[in-house]
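See structure below.
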There are 2 protein chains.
Amino acid sequence: MRPDSAEMPEFSPRQNAVLEQALRLLVQGGEKALTTSGLARAANCSKESLYKWFGDRDGLLSAMIAYQASKVRTHERPGERLTADLLRDHLELFARDLLEVLAGDVSLALNRLAVGQSSRDGSKLGKLLLEHGRRQIDRRAIALIEQGKRAGLLRFDNADAAYHTLYGLIVSDLHVRMLLGEPGLKDNARQAQKAVDAFLTLHGTQKQSADALSAFAGR
Amino acid sequence: MRPDSAEMPEFSPRQNAVLEQALRLLVQGGEKALTTSGLARAANCSKESLYKWFGDRDGLLSAMIAYQASKVRTHERPGERLTADLLRDHLELFARDLLEVLAGDVSLALNRLAVGQSSRDGSKLGKLLLEHGRRQIDRRAIALIEQGKRAGLLRFDNADAAYHTLYGLIVSDLHVRMLLGEPGLKDNARQAQKAVDAFLTLHGTQKQSADALSAFAGR
DNA sequence: CTCTTTGCGTACCGTACGGTACGGTTCTGC
DNA sequence: GCAGAACCGTACCGTACGGTACGCAAAGAG
């Protein structure tokens, strides 16, 4: 999936470099550190150019989100034949990736920015962030569990609901806690493993489920 | 649990009224609407009094969180004899309460505020919010599931981990989505019910578990 | 070589904020 | 009824932001 034909602004290399600096400033000092003057100074450009390229400050923020999203393209998995172990591996990989993404500096900074703006801009940035940043990873997971269902390894009616269950098991309240400033987990892999265990207990079809239930709750 | 003896600032009725106005301003217009001048005007007090009472703007924000937390006291459940049905009812009640609290205007506004500040103040507000706002509700749930374990209705090793599982099943990514400006759920009760079903499937001891597993995943 | 575009650097403007100072008014203790 | 504190309303200050204007250098087009 490359050029989504329409709806892609796409920026020049120079503009990308400026957006990179903007992200750096945002990560380092939060929203208040991302001033037009400061960005012009950091990126060695003029404020006038900023306004010419991005319109106004909101346009700059939107461009930052679009730019960051354009960097993270999810690699579509080839449709290999799924086994129970393979499904578990892929689910755990997804869980680790998800935790890693959510804990990333830039992700946290952009989410904080969008949350802070959501009161005043009608959640425009929030929508953008969910569209560009999350739909990709959502699709990857939903495709995976639907593949698991077709292979007879998972059971559920509503793939969306099942995915939300998986998401909740993986993330719990960690994302909000990190947005509030708490440090992340010590061991993402361990959390991923336990979450996938629980998910397979709920939605897996293997008779191993029963054993896993004991193992999961019991230890 | 009444007066925590120490560490409670406690404000005068007049100051509480001012804080109420501050919360109103914050809910209506976000952080940028919460200016000292605006608050003084809305609350019919002088800026000088604001600074006398709360020190500076950060002190005001902290006071708002403390005040809001002081309004929400969790009602400790009496330690009645638990049955499976009773446990499920209490868990569902907790889940509905949690969803309702998280979706509340004031809660969302304060969380947005703390998230926005977390970049620049070393997450002071975030810590405050988690301490005052969440520990109460956390304790209530953990007490409940530990009671369930003592009654032989639940099984787990780490009550904290089990609680986080429950939390994730109830909330998933809903809290962050709402912080970003998305509307809440259409039916909190339905979500609460499904989450508790899943939680009991994972951690319940009833042989019903097996049936529930089918019912849960299959429907 | 010249014209035009692009963009950098800087200076500038209006505004609005956090915080302080002051005169006048109400409330409280005696 | 009086002194002192608490407090309100307003005016004020310094600062820093978003956004605009201008002068000038570099680069591509003809």
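Note that this is a predicted model, so its numbers are computed, not measured. Order of the sequence lines fixes the chain letters, A, B, ..., with proteins taken first and strands second; residue numbering starts at 1 for each chain.
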- [ ] Tell me, please, which residues at least two apart from A/Thr35 pass side-chain hydrogen bond (donor to acceptor under 3.5 Å, both in side chains).
- [x] none
Open item on the list: Going by the rule side chain to side chain contact (heavy atoms under 4.5 Å, CB included), which residues pair with B/Gln21 if we only count those two or more places apart in sequence or in a different chain?
Closed with: B/Arg24, B/Leu39, B/Ala42, B/Ala43
Open item on the list: With ring-ring contact (aromatic ring centres under 6.0 Å, His included) as the rule and sequence neighbours excluded, what pairs involving residues 14-37 of chain B come up?
Closed with: none
Task: Contact residues, residues 52-65 of chain B to DNA chain C [heavy atom, < 4.0 Å] - done: B/Asp56, B/Arg57
TODO: Could you pull out all residues at least two apart from B/Asp121 that satisfy side chain to side chain contact (heavy atoms under 4.5 Å, CB included)?
DONE: B/Gln117, B/Lys124, B/Leu125
Open item on the list: Counting only heavy atoms and a strict 4.0 angstrom limit, can you tell me which residues of residues 112-127 of chain A come near DNA chain D?
Closed with: none
Open item on the list: Can you classify the ring geometry of B/Tyr167 versus B/Tyr163 as parallel (below 30°), tilted (30 to 60°) or perpendicular (above 60°)?
Closed with: perpendicular
Open item on the list: Run the side-chain hydrogen bond (donor to acceptor under 3.5 Å, both in side chains) test against B/Asn44 and tell me which residues pass, sequence neighbours left out.
Closed with: none
Task: A/Arg177: side-chain hydrogen bond (donor to acceptor under 3.5 Å, both in side chains) partners, not counting sequence neighbours - done: A/Asp173, A/Glu182
TODO: Give a yes/no answer on whether the side chain of A/Arg14 brings an N or O atom under 4.0 Å of OP1 or OP2 in C/dC8.
DONE: yes
TODO: Round to a whole Å and report the spacing from OH of B/Tyr51 to P of D/dC7.
DONE: 17 Å
Task: Smallest separation among heavy atoms of A/Ala195 and A/Leu169, with atom names - done: CB-O, 3.5 Å
Task: Qualifying residues under side-chain hydrogen bond (donor to acceptor under 3.5 Å, both in side chains), relative to B/Ser118, sequence neighbours excluded - done: A/Arg112
Task: Length of the CD-P vector between B/Gln21 and D/dC8, whole Å - done: 13 Å
Collect all protein-nucleotide pairs involving nucleotides 21-26 of chain C in which both atoms are nitrogen or oxygen and the distance is under 3.5 Å.
from: C/dC22; atom 1: N4; to: B/Glu48; atom 2: OE1; distance (Å): 2.1

Open item on the list: Is it the case that atom CZ in B/Arg120 sees more than 12 heavy atoms from other parts of the structure closer than 6.0 Å?
Closed with: yes
TODO: Give, ordered by number, those residues of residues 24-44 of chain A having at least one heavy-atom distance below 4.0 Å to an atom of DNA chain C; if nothing qualifies, reply none.
DONE: A/Asn44
Open item on the list: Does A/Glu100, at its CD atom, have more than 12 non-hydrogen atoms belonging to other residues, nucleotides or ligands within less than 6.0 Å?
Closed with: no
- [ ] Please say whether more than 12 non-hydrogen atoms of neighbouring residues, nucleotides or ligands are located less than 6.0 Å from CZ in A/Arg14.
- [x] yes
- [ ] Return each pair, listed once, that meets salt bridge (charged side-chain N to carboxylate O under 4.0 Å, His left out) where at least one residue sits in residues 43-72 of chain B; pairs must be two or more places apart or across chains.
- [x] B/Glu20-B/Lys71, B/Glu31-B/Arg57
Task: For atom CG of A/Leu50 and atom P of C/dT10, their distance in whole Å - done: 15 Å
Open item on the list: Distance check needed: D/dA6 P versus B/Gln15 CD, whole Å only.
Closed with: 12 Å
